[in-house]
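Position 1 is the first residue of the sequence; numbering continues from there. Owing to the predicted nature of the structure, the values given are computational and were not obtained by experimental measurement. Any value given below was found using the heavy atoms of this structure, including those in side chains, with hydrogens, waters and symmetry copies removed.
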Amino acid sequence: MSKKSKNSKYPKRDHIRNIGICAHIDAGKTTVSERFLFYSGKIHRIGEVHDGAAQMDWMTQEQDRGITITAAATSFPWAGYEYHLIDTPGHVDFTIEVERSLRVIDGTIVVFCAKGGVEPQSETVWHQAEKFKVPRIVFVNKMDRMGADFNAVVNEIKDRLGGNPVPLQLPIGAEDTFKGVIDLVDMKALYWTGHEEDMPEATEIPQELLEEANTARVVLIEAAAEQNDELMEKYLEGEELSPEEIRLGIREGTISGALIPVLTGSALKNTGIQPLMDSVYQYLPAPSDIPPFEVENVRTSEKTQLNADPAGPLAMLAFKVSMDGTRKQVYFRVYSGSVSEGDDLINVRENRKEKLSRLFQVHANKKERLETAYAGDIFLALGMKSVVTGDTLCRGQDQYMLEPIDTYEPVISMAVEPRNMEEKEKLEAAVSRLMEEDPTFRVHEDEETGETLISGMGELHLEIIMDRLTSDYNVNAKAGKPQVVFRETFNAPVTTSAVFERVVEEDGKEKTIFGSVELRVEPGSRGSGLCVEVSDDLKIAFADKSKFLDAAVNGAREAAKSSGANGYQVQDVKLTVTKIGLKDGVTTEVGYIIASQEAFRKAALTDGCKILEPIMKLEIVSPEANLGDVMGDIGQRKGRIENMELRGDRRVVHGVVPLRNMFGYATELRSKTKAAAQFTMSFLRYGTVDDI
């Protein structure tokens, strides 16, 4: 980890950068990561994604497909700073990897293709970064590609993403004439030979580009000055801002989220990488720059604030679980305090003791032993038994709960049939480990058929799961056809009641279990989820019997999650407990849980319920010549076209379509357009075809 300062027993935190690289698939994230590792001296040979040799894509499934599937972490030095980098996937099926990575990093580089611009997953990761208030730098990649347009990408970031992009560089040429960049801060032209070992050559800006550069620099200086009162005063008085002052203003604006620095280049051609690496320490925050964060003391239920102080109380977040054979490995971010090998810790969620047996700094799938990790550090730990993604670990009496990590509900299922009982046992063990790794992967057994059903975020997600079951866990199983995960909701308000009363024998004595519940169920708007509550009148009347009210609420919630009239989980409804009945001498809560469940079942059968299915957001990029076939095909799949736009020389079709009609679409689209069109699809909401 970082070197300790002379005046403290703790290492300095201002020379650390926790960063991520995010983008749409094929924008060049992993290629950028490989160049970072090469120029920092972490690796001595660049591995290319298209050759299956990228260091950060270490899984067999990633190398075979040329895509990133799981977020990979690494650390490396640059210019006296220590970078902790997470390379994230770009495919929508693995968006949980981006979500939990953005939760623990302090800044991110968002990579855009100079031709593709703002693509669907670009929007997703951008909004995820906004959700966690993560400062961003933009890198417009592939400036050497046919159709590259730097200004168009900058405008799309402004118009489609609502960002405030401020170019720090301008490209010199585009497509096959792309040679280098103009540095607007130092007003120099930087040229690269394209050879990986060569550093950029700084020269004067070409005369024909000088006017454009001067105009862009005025915009840059204004943006920098607006972030700092002293700089603004100097600017208004007509004084020239130095490059150091410009960088100061841009840094303050980046950290506050007021602006987004934009750089450009071509990672594959080794162009523009060193300035991008410099921009990380120049503009993105150190852990010590992050404002204090709110936590809850679970012992007192009081809210308090912590900051990235190595001397503070320990609070660290488990953001990723991985399995190394049968061994469980957990990735942590230390937010406050420090932790060492052999420390006794508390899993706050479980209120369970954990012993930290070993710590590692990670480079993809390689590990290097550590003794201690401090606030701001990201590390891998062994020895964690109860820890899952999103858990907070603390030490001693200081038990604080950090904000957990959101997950996503699966939208697609598939039956998996083991060859024999021995394989069934292996399958159960394997899927259990995979579920620990991936919070969006679920497994359950169909009660009617006895089939094992695996569920995930898309066809590719389940394909990867099946591949891993076979190659990583040696499970011999047959996969069925993918099926969508249905939900159901109510058509109209329904009020029902149920009474449960039973005499049971306990410890040789008879005991009465009783519960009486009236429940009102109302349909909600699409996407509203499941809301279960107690009416205000009931809360007041039975304030001293809150445990019975809680039991009724829990019973209704569990019944709705179990199934409605058609056997699917219920959502987009509001359940209200409107009445409960009491019986003298009966104090058990079980009766109210059972009565509430029965009242819900009656309501579901009375209403009949309506089936909901996954509705997907679809974006197709197609040549004009194939547009008719593409649009006609969407109509045949019961989809709806919402709008179209021109992107370069291609048409972009935006639409919505039921997921059940999209199986095998990739093959059909490739066939209809002779592989000229591409599409991306992501979950939008649960609904009906009529909603489309």
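A distance of 12.5 Å separates NZ in K133 from OG in S256, rounded to the nearest 0.5 Å. Atom CD of Q128 sits about 8.0 Å away from atom SG of C22, to the nearest 0.5 Å. Distance check: I454 CD1 to L427 CG gives 8.0 Å after rounding to the nearest 0.5 Å. Remark: Y473 OH to K426 NZ distance equals 13.0 Å, nearest 0.5 Å. In this structure, the separation between CG on L370 and CZ on R358 is 12.5 Å, given to the nearest 0.5 Å. Here CG of N554 is found 9.0 Å from OG of S596. Values are rounded to the nearest 0.5 Å.
Listed here is the closest heavy atom pair of S101 and I86: OG-CG2, 3.4 Å. For P135 against I255, the heavy-atom pair with the smallest separation is CG-O, 3.8 Å. Of all the heavy atoms in V298 and V348, the pair that sits closest is CG1-CG1, 3.5 Å. Closest approach of L284 to R251, counting heavy atoms only: O-NH1, 2.9 Å. Minimum heavy-atom separation, S40 to W78: CA-CE3, 4.0 Å. The two residues L469 and L434 make their nearest non-hydrogen contact at CD2-CD1, 3.7 Å.
Within the 3.5 Å criterion, the main-chain N or O of V387 finds a donor-acceptor partner in the side chain of K328. Using modelled atom types, no side-chain atom of S455 and backbone atom of S413 make a donor-acceptor pair closer than 3.5 Å. Here the side chain of D343 pairs no donor or acceptor atom with the backbone of L356 at under 3.5 angstrom. The backbone N or O of F293 sits nowhere less than 3.5 Å from a side-chain atom of Q305 that would complete a donor-acceptor pair. In this structure a side-chain-to-backbone donor-acceptor pair under 3.5 Å is missing from E302 to E296. A donor-acceptor pair is defined here as one N or O able to donate and one able to accept, closer than 3.5 Å; such a pair exists between the side chain of K355 and the backbone of G342. With hydrogens and angles disregarded, a donor-acceptor distance shorter than 3.5 Å links the side chain of R35 to the backbone of A267. In terms of modelled atom types and a separation under 3.5 Å, the side chain of S563 and the main chain of A559 share no donor-acceptor contact. Formation of a donor-acceptor pair under 3.5 Å by the D572 side chain with backbone atoms of S528 is found in this model. Without hydrogens or angle criteria, S336 side chain to A308 main chain gives no donor-acceptor distance under 3.5 Å.
Side-chain contact check for N307 versus I290: every heavy-atom pair is 4.5 Å or farther apart. Inter-residue side-chain proximity for T304 and V295 is flagged as met; some heavy-atom pair is nearer than 4.5 Å. V110 has its side chain out of reach of F139: every pair of non-hydrogen atoms, C-beta onward, lies at least 4.5 Å apart. Contact check for L575 versus L530: side-chain heavy atoms found under the 4.5 Å cut-off. Between W126 and V138, the closest side-chain pair of non-hydrogen atoms falls below 4.5 Å. For the pair I405 and L317, the minimum side-chain heavy-atom distance is below 4.5 Å. Contact of the H84 side chain with the Q361 side chain is registered, since non-hydrogen atoms from C-beta on lie closer than 4.5 Å. The closest side-chain heavy-atom distance from T440 to T407 is below 4.5 Å.
In summary, D87 and K29 do not engage in a salt bridge, as defined by a charged side-chain N under 4.0 Å from a carboxylate O. Salt bridge present: K424 and E445 bring a charged side-chain N and a carboxylate O closer than 4.0 Å. For the pair E34 and K42, the salt-bridge criterion is not met [side-chain N within less than 4.0 Å of a carboxylate O]. Classification of R17 and D289 as a salt-bridged pair fails, no side-chain N sitting under 4.0 Å from a carboxylate O.
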* To do: Assess whether side-chain hydrogen bond (donor to acceptor under 3.5 Å, both in side chains) is satisfied between E409 and Y686, documenting all intermediate values.
  => CA-CA 11 Å; E409 289 295 316; Y686 271 97; over 6 Å; no

* **From CA spacing to verdict: side-chain hydrogen bond (donor to acceptor under 3.5 Å, both in side chains), S386, N347** => CA-CA 8 Å; S386 66; N347 181 346; 3.1 Å; yes

* Might you work through the side-chain contact (heavy atoms from CB on, under 4.5 Å) test for R557 and K561, ending with a clear yes or no? => CA-CA 6 Å; R557 180 181 289 111; K561 286 184 176 180; 4.0 Å; yes

* Could you go step by step and tell me if K320 and E436 meet the salt bridge (Lys or Arg N to Asp or Glu O under 4.0 Å) rule? -> CA-CA 9 Å; K320 179 179 170 68; E436 283 205 76; over 6 Å; no

* Using the side-chain contact (heavy atoms from CB on, under 4.5 Å) rule, take E371 and L359 through it: C-alpha gap first, then chi angles, then the decisive distance, then the call. => CA-CA 7 Å; E371 291 183 3; L359 289 75; over 6 Å; no

* Asked: Which is it for Q329 and K367 under the side-chain hydrogen bond (donor to acceptor under 3.5 Å, both in side chains) test, yes or no, and what are the steps along the way?
  -> CA-CA 11 Å; Q329 307 176 129; K367 298 187 281 285; 3.1 Å; yes

* Starting from the C-alpha separation in whole Å, work towards a yes-or-no answer on side-chain contact (heavy atoms from CB on, under 4.5 Å) for L259 and I250. => CA-CA 8 Å; L259 56 82; I250 294 299; 4.1 Å; yes

* Applying salt bridge (Lys or Arg N to Asp or Glu O under 4.0 Å), run through R100 and E97 and close with a yes or a no. => CA-CA 6 Å; R100 55 188 178 185; E97 294 284 337; 2.7 Å; yes

* Asked: Under the side-chain contact (heavy atoms from CB on, under 4.5 Å) criterion, do I260 and I137 qualify, and how do the steps go?
  -> CA-CA 6 Å; I260 314 289; I137 290 173; 5.9 Å; no

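Evaluated for a ring-ring contact (aromatic ring centres under 6.0 Å, His included) with F332, the options Y374, F379, F319 yield exactly one hit, F379. Tested against P439, the residues V388, T389, V321 include a single side-chain contact (heavy atoms from CB on, under 4.5 Å) partner, T389.
Shown here is E422, whose CD atom has no more than 12 heavy atoms of other residues, nucleotides or ligands within 6.0 Å. The environment of NZ in K131 is crowded: more than 12 heavy-atom neighbours from other residues, nucleotides or ligands sit within 6.0 Å.
Classified by interplanar angle (parallel below 30°, tilted 30° to 60°, perpendicular above 60°), the ring pair Y81/Y281 is parallel. Relative ring orientation between H461 and F441 is described as perpendicular, the plane-to-plane angle rising above 60° on a 0-90° scale split at 30° and 60°.
The cationic atom of R333 (NZ for Lys, CZ for Arg) lies less than 6.0 Å from the six-membered ring centre of Y335 and within 45° of the ring axis.
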